[in-house]
Amino acid sequence: MTDVRVRFAPSPTGPLHMGGVRTALYNKLFAMAHGGTFILRIEDTDQGRFVEGAEAYIEEALAWCGLTPDEGVRSGGDCGPYRQSERTSLYRDAIAQLLERGWAYEAFDTPDELDALRKAAEPEVWQYDASTRGTLKNSLTLGAEEVAALKAQGAPCVVRFKTPETATDIQLVDAIRGEVTFQSNILDDKVLMKADGLPTYHLANVVDDHHMRISHVIRGEEWLPSAPLHVLLYRAFGWEHPVFAHLPLILKPTGNGKLSKRDGDAGGFPVFPIDWHDPTSGDTWPGYREQGYTPEAFVNMLLMLGWNPGDERELFSLQEAAQTFSLDRVVKSGARFNPDKAHWFQAQHLRGAGPQAHVMPLQAVMASRGVNWDQAQCLAVLDMMLERVTFLTDIANTSWLVAAPAQFDAKLVRKKWKDDTSRLLKDLASELQRLDIFSSDAVEACFTAFLEARELGFGQVLLPFRIALTGEGGGPSMFDFSAFLGQEATLSRLADGLAAIEAIRSQTEGS
RNA sequence: GGCCCGUUCGUCUAGGGGUUAGGACGCCAGGUUUUCAUCCUGGUAGCAGGGGUUCAAAUCCCCUACGGGCUACCA
């Protein structure tokens, strides 16, 4: 096999969304699996839709996901420049070649004129194609002098592809879908070069893929309809076309259609890998990174949305995935995105990495909230909490970890408190006060002895103890948590908690 | 409208002529746990419909329906 070279070619018209990230992922994985090269090419030929910051966003998002390109604007490489706006001479040469060989022609029809034609034809669909081009203003119908005159006047001019008049089948073998056939006569004469002198996607794409020696074009299904045009273009140039693989789309979790950026709002999930600050509206769109997802979890979730290894494994690192990834195991149908499953992947990756792995990140998260825990404290908290949370931020949001509870679950208090409960906890407090070493084991031993001496069950004292210290009925081992708080804080929380709870109880009785 | 792609539990999917149609998420139940969560065990639920081909069809073919994409001087 020739060298595998694949590219991800987004256009900097806005933030990359998760569908785009998945396309990049599959490209990267395919390159990794074959010892190939993953290229990032910026398709910035539409100056009208250019968005400031979008290119930087793309690079940063890919980097966060671990999908760093081997070649690209930042990474460099032999086939640069990697921005299409910097490759215009290549496209001009290509156009000259096509014009010379009769595969393209110049057209002078204005957008308004074409719009009018389309309007007039309604409800039929009007196309600029082999059947209509003979009646329009182009270098095929106009004389050479007239064309020259128009150009001399500076009349706007585009170059269109001259689709073959004779209807033939255009067949291509898609690596995911198998054989796909199109009738050539349904194709229209696509604009290859716009009036501003910049190429359209079709031209730039084919020219760059050829010059960058791309072996496999792995892209979204939305490109399948233009694949026959691309095949024709390769033929016109006399180039061999790469292998095509059209990926299924990611669909909305509910309702119809492909996932779009507005869906996140309604569904309460991010659509973008990292936060996007829209420079024109000033809006911020949430990203998976800022939601607390680890890149490994995010990428794993994306991986399984349209691909599977053929066995029952679901949890993969990038390297593991690269070892089994293949295009023929990509699913053909669109995949509805499921936020619940994204959650599950995150929880799996969080726990799978173990407490130690999250010490520094947790320390940073806490610091950003004004809580300065040392590494030992972070580790202790992770040991207690990792299996109870999905995100590290869930820990930061657990307020009783940092401060005595401001709220107590009144219903729970009413249910669990007997008349002697507070008395018991006060007795327990004096026992705890006597401890010289306040470790988890020591607290547990003290507790057990306390219960045995009074012939009490765990539930009668432990749950009230928990409620007094956390305000809630669930959470980690109270022995661990007491040790984490330390003797002084434990006792003061207990005393304050009891006071607050007594207030609740007397209120309840009074009403 | 036209062209192209697709359709297995609610969702992601395995299965490609003979399977009790498998797994995962979710949900429900039980167990473990001082509690919650984790974990374990079990349950729930599916081949879009109709015609063929075949001894035999989720699987191959055709039609229909439905879903999706494209149909710009956007990518």
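Every chain is numbered from 1 and lettered A, B, ... according to where its sequence line falls, protein lines coming before strand lines.
In the displayed structure, Glu52(A) atom CD is contacted under 6.0 Å by at most 12 heavy atoms of other residues, nucleotides or ligands. Other residues, nucleotides and ligands contribute at most 12 non-hydrogen atoms within 6.0 Å of the CZ atom of Arg262(A).
For the C1' atoms, the distance linking G16(B) with G22(B) amounts to 15 Å, nearest Å. Going from the P atom of A58(B) to that of U38(B) covers 38 Å, rounded to whole Å. Of the P atoms belonging to U64(B) and G1(B), the separation is 13 Å, rounded to the nearest Å. Nucleotides G43(B) and G51(B) place their C1' atoms 37 Å apart, quoted to the nearest Å. For the P atom pair drawn from G18(B) and A65(B), the interatomic distance equals 31 Å after rounding to whole Å. For C66(B) and A57(B), the P atoms lie 28 Å apart once the distance is rounded to whole Å. Taking atom P in both U20(B) and U8(B), one finds a spacing of 23 Å when rounded to whole Å. Comparing the P positions of A37(B) and G31(B) gives a spacing of 14 Å, expressed to the nearest Å.
Distances were taken from every side-chain heavy atom of Ala195(A) (C-beta onward) to each of G26(B), C5(B), C73(B); the shortest belongs to C73(B). Of the candidates A75(B), G15(B), C25(B), C25(B) carries the atom nearest the Asp340(A) side chain, counting heavy atoms from C-beta on. Counting only heavy atoms from C-beta on, Asn338(A) has its side chain closest to C25(B) among C74(B), C25(B), A14(B). Relative to the side chain of Thr45(A), the nucleotides G26(B), A75(B), C36(B) differ in distance, and A75(B) lies closest. Between G22(B), C73(B), A75(B), one nucleotide has an atom nearer to the side chain of Glu312(A) than all others, and that is G22(B). Comparing atom distances between the Lys332(A) side chain and each of U71(B), C73(B), G6(B) picks out G6(B) as nearest. Nearest nucleotide to the side chain of Phe182(A), out of A75(B), G26(B), C3(B): C3(B). Closest contact between the side chain of Ala335(A) and the listed nucleotides A75(B), A24(B), C12(B) involves C12(B). Considering only the side chain of Leu463(A), U35(B) comes nearest among U35(B), U71(B), G6(B).
At whole-Å resolution of the value, CG in Asp129(A) and P in A72(B) are 12 Å apart. The separation between Glu113(A) atom CD and A72(B) atom P is 17 Å, rounded to whole Å. At whole-Å resolution of the value, CZ in Phe50(A) and P in A75(B) are 14 Å apart. Atom-to-atom, CD of Glu314(A) to C1' of U11(B) comes out at 12 Å; the value is rounded to the nearest Å. Rounding to whole angstrom units, CD of residue Gln183(A) and P of G2(B) are separated by 15 Å. Leu203(A) has its CG atom 11 Å from the P atom of A75(B), to the nearest Å. One can place CZ of Arg219(A) at 13 Å from C1' of G69(B), the figure rounded to the nearest angstrom. If you take CZ of Arg388(A) and P of C39(B), they are 12 Å apart, rounded to a whole angstrom.
Judged by the 6.0 Å and 45° rule, Arg313(A) forms no cation-pi pair with Phe316(A).
Considering Phe391(A), Phe298(A), Phe345(A) as possible partners of Tyr293(A), the one that fulfils the ring-ring contact (aromatic ring centres under 6.0 Å, His included) test is Phe391(A).
Gly220(A) comes within 4.0 angstrom of no nucleic acid atom, judged by non-hydrogen atoms across all strands. Within the 4.0 angstrom heavy-atom criterion, no nucleotide atom of any strand lies near Val461(A). Residue contacts for Ser333(A): at a heavy-atom cut-off of 4.0 Å it reaches the sugar-phosphate backbone alone, with no base atom in range. If you check every strand for non-hydrogen atoms under 4.0 Å, Val389(A) touches nothing. If you check every strand for non-hydrogen atoms under 4.0 Å, Pro123(A) touches nothing. Within the 4.0 angstrom heavy-atom criterion, only backbone atoms of the sugar-phosphate kind lie near Arg329(A); the bases stay farther away. Across all strands, Val191(A) comes closer than 4.0 Å only to sugar-phosphate atoms, never to a base (heavy-atom distances). Nucleic acid contact class of Pro476(A) (heavy atoms, under 4.0 Å, all strands): base. As judged by a 4.0 angstrom heavy-atom cut-off over every strand, Met478(A) is placed among the base-contacting residues. Contact annotation for Thr181(A): backbone-only contact, meaning every heavy-atom pair under 4.0 Å involves sugar-phosphate atoms and none involves a base. If you check every strand for non-hydrogen atoms under 4.0 Å, Pro199(A) touches sugar and phosphate atoms only.
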So which protein nitrogen or oxygen atoms get under 3.5 Å of nucleotides 60-68 of chain B's nitrogens or oxygens?
| residue | atom | partner | partner atom | Å |
| --- | --- | --- | --- | --- |
| G68(B) | OP1 | Gly257(A) | N | 3.0 |

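Remark on RNA chain B: of its neighbouring residues Trp344(A) and Glu124(A), the 5'-side contact belongs to Glu124(A), judged by nearest-heavy-atom nucleotide. RNA chain B is contacted by both Pro10(A) and Glu387(A); Glu387(A) maps to the nucleotide lying nearer its 5′ end (nearest heavy atom per residue).
Taking the six-membered ring for Trp, Phe269(A) and Tyr288(A) have ring centres at least 6.0 Å apart. Ring-centre distance between Tyr57(A) and Trp285(A): not below the 6.0 Å cut-off. Side-chain rings of Phe481(A) and Trp400(A) approach one another, their centers coming within less than 6.0 Å. In summary, the aromatic rings of Trp307(A) and Phe325(A) are positioned with their centroids under 6.0 Å apart.
Contact of Lys341(A) with A24(B) (side chain to base): a donor-acceptor pair of N or O atoms is detected under 3.5 Å.
Note on Asn308(A): every side-chain N or O is 4.0 Å or more away from OP1 and OP2 of U13(B). Between A75(B) and Lys194(A), a contact under 4.0 Å exists linking OP1 or OP2 to a side-chain N or O. Between G6(B) and Arg177(A), no contact under 4.0 Å exists linking OP1 or OP2 to a side-chain N or O.
With no hydrogens or angles considered, no side-chain donor-acceptor pair links His241(A) and His230(A) at under 3.5 Å.
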* To do: List the steps and the verdict of salt bridge (Lys or Arg N to Asp or Glu O under 4.0 Å) for Asp46(A) and Arg49(A).
  => CA-CA 6 Å; Asp46(A) 185 356; Arg49(A) 292 206 308 158; 3.3 Å; yes
* Carefully, step by step, assess Asn138(A) and Tyr128(A) under the rule side-chain hydrogen bond (donor to acceptor under 3.5 Å, both in side chains). => CA-CA 11 Å; Asn138(A) 54 53; Tyr128(A) 206 124; 3.1 Å; yes
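Sorted by first then second residue, the side-chain hydrogen bond (donor to acceptor under 3.5 Å, both in side chains) pairs that include residues 388-399 of chain A, not counting sequence neighbours, are Arg369(A)-Asn397(A).
Look at G52(B): its glycosidic torsion is beyond 90° from 0, and that puts it in the anti range.
As the counterpart of C66(B), G6(B) is assigned, both hydrogen-bonding distances of the Watson-Crick or G-U wobble pattern falling under 3.5 Å.
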